[in-house]
Protein chains: 2
Amino acid sequence: MGITERREREKEQRRSDIIRAAEKVFFARGFETATMDDLAAEAELSKGTLYLYFKSKDEVYLAIVLKAMKLLREYFENAVTHKSSGLEKVRAIGESYIQFHEDYPDHYKALLFFSTLQMDETSGPGAELKAFVENKDVMEVLYSAIIEGIKDESIRSDIDPLKTALILWGQTSGVLQLMTLKGHAIGSHFKEDPKELLNYFLDLMTRALSKTEEKFLL
Amino acid sequence: MGITERREREKEQRRSDIIRAAEKVFFARGFETATMDDLAAEAELSKGTLYLYFKSKDEVYLAIVLKAMKLLREYFENAVTHKSSGLEKVRAIGESYIQFHEDYPDHYKALLFFSTLQMDETSGPGAELKAFVENKDVMEVLYSAIIEGIKDESIRSDIDPLKTALILWGQTSGVLQLMTLKGHAIGSHFKEDPKELLNYFLDLMTRALSKTEEKFLL
DNA sequence: TTCATTTAATGACTATCAGTCATTTTATAG
DNA sequence: CTATAAAATGACTGATAGTCATTAAATGAA
């Protein structure tokens, strides 16, 4: 009985088609401004049909966010492969985060916006949990790299790896966020190049973690 | 002719009464969920009257955000007075940021939410500009403290003060944000205390900036 | 005080949009 | 070919941001 399975596949297909259409519409017009009728038009479906695949507008948004989180985790995982030392891996993760922001600015913003948002229950059961699991995986990659760096002696051993991983994650997100949101103002007012600041930050971070470097800036 | 001036004062008074009512209603029910009718009821005014004082719901929100920004700047300014060295001032700014978050959690969240939001034009002319000016002032306090620290030799001189100020601002916001938004998950999953992590971060930052400390963690 | 004019306040009304559901269309199976 | 099940539809409802014609209050001149 392959019919049930084919139906299942078609359902999945349609769901991801809707997500693609939603990315187009939400990114172009903004989540608040875009309407479900816009989405229905873009997806070439009736509005009612959208609600067969998603419980609410928020749930469509959540689907985009989860996709973005998966993508970001892939960036992190790709970043650490083919890097020899733990320290290199940590830096590569930072670089890949910046790269993700450059490659998928809209997805990055969606992630950013989501993190400050408290979704209500209409976003589907376990929305927050799903989001957290993805976030946790991302943290795991960073944590492993630090542990590895301490073992291979590229990273100083007098740090708490877990605390450091959490702080690095927060710091890096914060710096990237500042450059993203205020980049233009920073450029025009402070005459600093956001891209250059990000590299400066990565340099400081790498030196701060390095075992061999005795003198470093931050 | 004191009548015009009295009227002006009364108008200002009413405006800030509405803002106070808005804080109550928006913080209690959430900005999206709370309605302008809720606000009208809380302010004991008709809905139409609200629109004589604010162009839109967003503009009311913006007023709360600007109030929060002023408050935060005051925290920063108070933090740096009665501190002898520049390094102490920088640390005190970080501590006051955390204190602000503890004293005014809702205002802190409003600020956070605002930073990720792109306001449209209905938020009043120069909404973005006003917000940026406040932000800039906050940065100024931090920058001055770093400059002072380099002069009084409490802070190492081999850093770029402006770049460092910007990065510190981003980093600290990011770490605080992570603790705020994921604090609970961090506590339950990673068994780390958010408050302790913040102090750990401040210690690392202080040591990293310190001129006398040769060995520091981050 | 009284009346005219300016300023402030009101709430019924409109437009928009998320979400629903009775109806229709399409696919599958007997 | 018919009956049943699954999928899709779009007109409809309820909620709410924002408007505006009307009413009320304050002011000042006579």
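Here is how names work: the chains are called A, B, and so on, in the same order as the sequence lines, proteins then strands, and each is numbered from 1.
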Applying side chain to side chain contact (heavy atoms under 4.5 Å, CB included), run through A/Met69 and A/Val138 and close with a yes or a no.
CA-CA 9 Å; A/Met69 282 179 171; A/Val138 160; over 6 Å; no

May I have the distance from A/Tyr61 (atom OH) to C/dA18 (atom P), rounded to whole angstrom?
16 Å

Determine: side-chain N/O of A/Tyr51 to OP1/OP2 of D/dT9, distance under 4.0 Å, yes or no.
no

Are B/Tyr200 and A/Asp160 linked by a side-chain donor-acceptor pair shorter than 3.5 Å?
no

Any chance you could lay out the side chain to side chain contact (heavy atoms under 4.5 Å, CB included) test for A/Leu72 and A/His101, step after step, and finish with the verdict?
CA-CA 9 Å; A/Leu72 180 60; A/His101 162 257; over 6 Å; no

From CG of A/Leu50 across to C1' of D/dA7 the rounded distance in Å is 13 Å

Any Lys/Arg nitrogen of A/Asp17 or A/Arg20 sitting under 4.0 Å from an Asp/Glu carboxylate oxygen of the other?
yes

Under 3.5 Å, is there a donor-acceptor pair linking the side chains of B/Asn78 and B/Glu74?
no

Phosphate-side-chain proximity, B/Arg6 and D/dT27, N/O vs OP1/OP2 below 4.0 Å
yes

Rounding to a whole Å, what distance do you find between A/Leu45:CG and D/dG10:P?
11 Å

Rounded to whole Å, how long is the line connecting atom CG of A/Leu39 with atom C1' of C/dG19?
14 Å

On DNA chain C, check which nucleotide each of A/Gly48 and A/Ala34 is closest to and give me the residue with the more 5' one.
A/Ala34

Side chains of B/Met205 and A/Gln171, heavy atoms from C-beta outward: is any pair under 4.5 Å?
no

Has B/Ser46 got a side-chain N or O lying under 4.0 Å from the OP1 or OP2 atom of C/dG11?
no

Choose from C/dA18, D/dG18, D/dT9 the nucleotide whose nearest atom is closest to any side-chain atom of A/Lys57.
C/dA18

CG of A/Asp38 versus C1' of D/dG10: gap in Å, rounded?
16 Å

Which nucleotide in C/dG19, D/dT27, C/dC17 has an atom nearest any side-chain atom of A/Thr35:
C/dC17

Looking at A/Lys163 and B/Asp193, does any basic side-chain N land under 4.0 Å from a carboxylate oxygen?
no

note: A/Leu52, atom CG; D/dT9, atom C1'; distance rounded to Å ~ 9 Å

On DNA chain D, nearest-nucleotide positions of B/Asp37 versus B/Glu10: which is more 5'?
B/Asp37

Note: contacts of residues 11-24 of chain A with DNA chain D (heavy atom, under 4.0 Å) are A/Arg14

Look at the side chain of B/Lys55 against the base of D/dG18 and say whether a donor-acceptor pair falls under 3.5 Å; ignore hydrogens and angles.
no

If you look at every strand shown and take non-hydrogen atoms under 4.0 Å, does B/Ala40 touch a base, only sugar-phosphate, or nothing?
nothing

In Å and rounded to the nearest 0.5 Å, what is the OG1 to NZ distance from B/Thr81 to B/Lys89?
8.0 Å

Under 4.0 Å between any heavy atoms, over every strand shown, what does B/Phe54 touch: base, sugar-phosphate, or nothing? Just pick one.
nothing

Euclidean distance, atom NZ of residue A/Lys47 to atom P of C/dT24 [Å, nearest integer]:
20 Å

If you assign A/Met36 and A/Thr49 each to the DNA chain C nucleotide with the nearest heavy atom, which residue ends up on the more 5' nucleotide?
A/Met36

